[in-house]
Amino acid sequence: MIDLSQLNDMQQRAVEQTEGPVLILAGAGSGKTRALTTRVAYLLEKDVDPFHIIAITFTNKAAREMRNRINSLNPLGDQVWVSTFHSACVRILRREIHHIGFENNFTIYDAEDAEKIIKDCVKELSLNEKYYPTKKVMGIISSQKDNLVSAAQFSQDVKGDSHMEGTACIYRLYQKRLTDANALDFDDLITKTVELFDRCPDLLNRYQERFRYIMVDEYQDTNTAQYFLVRRLAEKYQNLCVVGDDDQSIYGWRGANIRNILDFENDFPHAQVIRLEQNYRSTQTILNAANAVIAHNASRKGKTLWTDNGDGPPIQYFKAYDEQGEAAFIAQTILDRVKSGGTYAEFAALYRINAQSRAIEDQFMHHNIPYRLFGGVRFYQRKEIKDVLAYLKALNNPRDDLSYLRIINTPKRGIGDATIKRIQAHAHEQGISFSEALRDLPSDARNKRLHTFWEMMEGFRGFMPVCSLTELTRKVLNDTLYLKELLLDETPESLDRVENIDALLSKIAEFDAEAELESAEGFVSAGSELDAFLGEVSLVADIDNYQEREDAVVLMTLHSAKGLEFPRVFLPGMVQGVFPSFRSMNAPEPEGMEEERRLCYVGLTRAKESLTISMSKSRLRNGEAESCVPSCFIEEIPAEYLRDARPGRKRQLSLRGKTNVPERRAMPAPKQTELDFAVGDWVRQIKYGRGLVIAIEPAGVDFEVTVSFEKSGLKKIMAALSKVKKEPKSEPAF
DNA sequence: CTAGGATCATCAATT
DNA sequence: ATGATCCTAG
């Protein structure tokens with residue numbers, strides 16, 4: 001029997017209101033996951049078949065957590081679908097997509113893959129890449145898909161605007177390329193599922209019957225396509241429970257439509273609205289600050305978080321001279337705390353952009369502070385991993401031209417651009433795929449290498465039904481000589497790559513083991529496993545790999561931190577231009593700034609006990625020092641909750657006056673202790689070219705040098721960071 | 001024709 | 001720092 005007495009009144013209502021549409025407005029830290037998991041357990045207890053319940057979360061990590069918690073309440077929870085929108089759609093499409101003209105072994109293209117195809121399309125249409133930059137075009141196409149606007153519809157919509165008509169042509173061709181390759185991009189995973197239900201009413205009916213109870217977490221971050229999908233599925237039984245917080249909507253740039261949550265009561269007129277405003281996470285001081293900041297936003301439903309956790313300490317505010325100083329302060333604070341019995345894992349530094357991690361990482365390394373970095377180049381984005389996966393993708397879906405193009409000369413086997421163009425032309429003429437074109441080649445001498453490649457791939461394919469995925473991957477790595485090439489090249493990068501491939505192999509082995517456990521025969525062939533494996537790895541997010549058990553400081557972006565909490569939080573880089581970003585500051589509409597403010601709200605509310613915000617008066621932008629002013633969000637926090645932080649004792653000794661400027665060179669000497677040039681020397685820098693050194697000034701671990709460049713004039717840049725090198729010949733070559 | 005080196009642009013957040 | 005593109009040698 002489930003014990004509801006542990007829940008507050010509002011949480012209890014959320015659990016017990018199982019029928020009809022429900023909107024739960026759940027503030028940060030208000031125990032919504034607890035309410036949701038209890039709600040599922042409650043449904044199960046009321047004899048609702050687990051088969052009829054689906055819960056949709058934002059990340060795989062959240063899904064895993066929710067599943068675990070449900071399972072611990074009721075073992076039947078195992079059979080409830082708990083997954084992200086994307087995984088749920090993949091699961092449905094793997095079964096059903098043949099109804100709308102795709103094959104069920106479709107490939108999923110990530111953003112990088114999609115961009116390559118767009119680029120090709122622009123070229124093929126003889127459009128100027130200057131006017132159609134890949135990223136922009138990709139963004140437009142993606143947002144059309146998010147809004148369920150098809151290529152044909154888009155062409156209609158933009159009639160008369162010749163530039164947009166060009167974009168529409170790219171969209172149409174891009175979509176054709178995907179269809180030909182039997183591939184879907186991330187957006188398609190949603191839109192094709194919607195299309196499937198539109199075109200096959202009986203199928204829709206089947207899934208409506210199946211999912212009689214639907215729950216959607218982080219509803220404020222759903223886009224229009226996801227909204228339609230949910231609406232469709234819930235149409236019949238109306239048992240839709242959405243949970244969200246309009247103040248935490250931070251994915252507008254990705255197509256999330258904040259109206260979905262703001263308009264829920266209009267879309268479902270009989271919806272029950274439940275507010276969770278009691279916060280169990282943070283101190284009252286932190287909540288007061290967060291409430292004050294978010295109150296500056298105009299478009300919100302409005303709510304005020306409160307807690308009975310007590311006031312707690314004030315929010316620390318540290319002003320540093322530069323990013324190194326800011327990072328040094330963070331490092332010192334952590335060391336002090338750990339010395340007096342704390343752990344590293346209590347801490348997280350959450351920043352606006354990934355580039356901000358650099359300074360912090362540097363300091364952490366110097367101080368031997370263990371940390372775990374999220375973001376940057378993700379595991380499944382690395383070149384070597386994508387190479388190996390491209391082999392598997394090509395084997396799984398022979399129509400996947402992009403993967404074939406990636407591997408045909410990787411590792412180098414003497415097949416160059418010209419040859420590839422020849423095959424592509426042939427494929428084009430015949431209207432066949434790249435691999436079919438390879439098969440059709442006449443077997444004369446000049447095609448020898450191509451034949452060898454084709455036969456090797458066929459060999460792998462023959463092996464697939466009788467080997468495990470691990471064995472297949474090993475065979476690919478060996479027979480292609482991919483591993484051998486890496487091992488021969490003994491650079492640190494190659495070593496890294498080998499390690500990553502090892503890690504991939506262990507993941508595959510894990511996957512094998514799980515599949516074997518689930519199957520009756522105890523053996524699962526690579527052929528039958530590939531679909532599931534490739535689908536899964538295409539959808540892993542960085543945050544999905546976060547292990548709380550590890551004793552390390554967490555470094556991640558504010559976006560990744562959504563849904564997480566930490567006892568002690570740092571928010572570094574609170575300066576105008578970084579947070580909020582210049583882009584949203586300069587935009588004419590207020591939406592961008594409001595979203596930045598919500599992001600700030602998310603950041604503040606991650607902290608349980610202590611919160612430290614900081615800024616630096618100077619920071620590097622592309623190697624140039626730039627002076628900074630405090631973020632406007634700092635001024636929005638009432639001064640009574642803030643306290644200027646004192647730097648660590650060590651540095652305090654050297655402080656002049658009462659400023660918080662830390663000693664510039666607080667840390668043990670790094671590699672760059674001196675420069676190999678002096679004032680008056682000629683130097684070279686990769687971006688600016690040749691220049692004459694005017695002045696040199698120590699700055700943290702580096703030197704700030706003033707150089708008069710031949711082309712671009714006077715610049716102040718950091719010597720080591722921007723790789724300023726001495727120019728061997730001191731006379732300009734006139 | 002291909003491989004490898006030099007040079008140039010880019011860089012917000014992510015399923 | 002990374003990828004794309006251009007150039008040159010073999």
Side-chain angles (χ1 to χ4, degrees), chain A residues 56-63 83-90 108-112 114-116 119 123 129-130 133-135 138-139 142 145-146 184-190 218 221-223 225-226 249-256 350-358 374-378 380-383 386 409-422 446 449 493 535-544 556-562 573 577-585 587 592 595-596 598-600 602-603 620-623 686-689 721-723:
Chain A
I56 297 170
T57 59
F58 199 67
T59 61
N60 292 306
K61 175 175 186 284
S83 70
T84 64
F85 268 109
H86 290 86
S87 332
C89 287
V90 170
I108 301 167
Y109 283 164
D110 67 16
E112 191 193 325
E115 276 170 23
K116 276 189 187 151
K119 217 168 218 181
K123 269 192 204 138
E129 287 181 70
K130 289 259 169 343
T134 316
K135 283 230 155 64
M138 182 74 219
S142 176
K145 290 186 176 184
D146 287 343
L184 304 186
D185 65 19
F186 279 146
D187 300 313
D188 285 341
L189 295 178
I190 315 293
E218 308 283 10
D221 288 322
T222 52
N223 63 33
Q226 292 164 335
S249 165
I250 55 175
Y251 283 99
W253 50 275
R254 209 171 82 185
L350 311 176
Y351 37 77
R352 181 65 180 80
I353 56 178
N354 282 311
Q356 288 175 263
S357 70
R358 273 296 299 276
F374 295 86
V377 186
R378 289 183 288 283
Y380 287 105
Q381 304 268 68
R382 309 189 95 99
K383 185 187 177 306
K386 286 200 70 166
N409 199 31
T410 312
K412 300 253 180 293
R413 44 176 80 90
I415 301 171
D417 263 2
T419 309
I420 291 169
K421 286 267 149 53
R422 205 179 85 221
R446 72 168 187 169
R449 289 162 177 167
E493 297 90 70
E536 194 179 295
V537 299
S538 306
L539 299 174
V540 262
D542 222 29
I543 192 69
D544 296 337
M556 62 170 70
T557 63
L558 289 156
H559 282 90
S560 314
K562 192 176 68 157
V578 174
F579 193 22
S581 71
F582 279 125
R583 289 192 196 197
S584 29
M585 281 167 63
E595 184 154 312
E596 295 278 324
R598 292 194 292 268
L599 191 56
C600 181
V602 167
L620 294 170
R621 249 177 108 81
N622 301 328
I686 194 137
K687 182 170 159 198
Y688 298 117
L721 187 103
S722 336
K723 303 217 163 67

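Reminder, nothing fancy here: chain letters follow the sequence lines and each chain counts from 1.
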Watson-Crick/G-U partner (both atom distances under 3.5 Å) of C/dA4: B/dT7
N/O donor-acceptor pair under 3.5 Å between A/Asn60 side chain and A/Leu539 backbone: yes
A/Glu596 side-chain proximity, nearest of B/dA3, B/dA12, B/dT2: B/dA12
Check: A/Gly252 main-chain N/O paired with A/Glu595 side-chain donor or acceptor under 3.5 Å: yes
Nearest-Å distance for atom pair CG/P, residues A/Asp417 and C/dT8: 17 Å
Donor-acceptor contact present, side-chain A/Gln356 to main-chain A/Ile353, <3.5 Å: yes
Between P of B/dT2 and CZ of A/Arg449, the distance in whole Å: 8 Å
Touch class at under 4.0 angstrom, heavy-atom based, for A/Leu599 against every strand present: nothing
A/Lys116 side chain near C/dG3 phosphate (N/O to OP1/OP2, under 4.0 Å): no
B/dT2 phosphate, OP1 or OP2, under 4.0 Å from A/Asn409 side-chain N/O: no
Euclidean distance, atom OH of residue A/Tyr251 to atom P of B/dT14 [Å, nearest integer]: 6 Å
For atom CE of A/Met556 and atom C1' of B/dA13, their distance in whole Å: 14 Å
Which residue lies more 5' along DNA chain B, comparing A/Gly414 with A/Leu539 via nearest heavy atoms: A/Gly414
Value in whole Å for how far the C1' atom of B/dG4 lies from NZ of A/Lys412: 9 Å
Sugar-phosphate, base or nothing in reach of A/Asn60, heavy atoms under 4.0 Å: nothing
Phosphate contact (B/dA12 OP1 or OP2) by A/Arg583 side-chain N/O below 4.0 Å: yes
Spacing between A/Gln381 atom CD and B/dT15 atom C1', to the nearest angstrom: 11 Å
Rounded interatomic separation in angstrom, taking CD from A/Glu129 and P from B/dA9: 14 Å
Donor-acceptor under 3.5 Å (A/His559 side chain, A/Ile250 main chain): yes
Short side-chain N/O contact from A/Ser581 to OP1 or OP2 of B/dA13, under 4.0 Å: no
Sugar-phosphate, base or nothing in reach of A/Ser538, heavy atoms under 4.0 Å: nothing
Short side-chain N/O contact to B/dA13 OP1/OP2 from A/Ser560, under 4.0 Å: no
Value in whole Å for how far the C1' atom of B/dT15 lies from CD1 of A/Ile56: 13 Å
Nucleotide of B/dT2, C/dA4, B/dT15 approaching A/Lys119 most closely (side-chain heavy atoms): C/dA4
Side-chain (A/Gln226) to main-chain (A/Asn223) donor-acceptor, under 3.5 angstrom: yes
Candidates B/dT2, B/dT14, B/dT15 - which lies nearest the side chain of A/His86: B/dT15
Closest-nucleotide 5' rank along DNA chain B - winner of A/Ala418 and A/Thr557: A/Ala418
Base of B/dA13 and ring of A/Trp253 stacked, centres under 5.5 Å, planes under 30°: yes
Side-chain (A/Asp221) to main-chain (A/Ala256) donor-acceptor, under 3.5 angstrom: no
Touch class at under 4.0 angstrom, heavy-atom based, for A/Glu218 against every strand present: nothing
Sugar-phosphate only, base, or nothing, as touched by A/Lys135 at under 4.0 Å among non-hydrogen atoms: sugar-phosphate
Nucleotide of B/dA12, C/dA4, B/dT14 approaching A/His559 most closely (side-chain heavy atoms): B/dT14
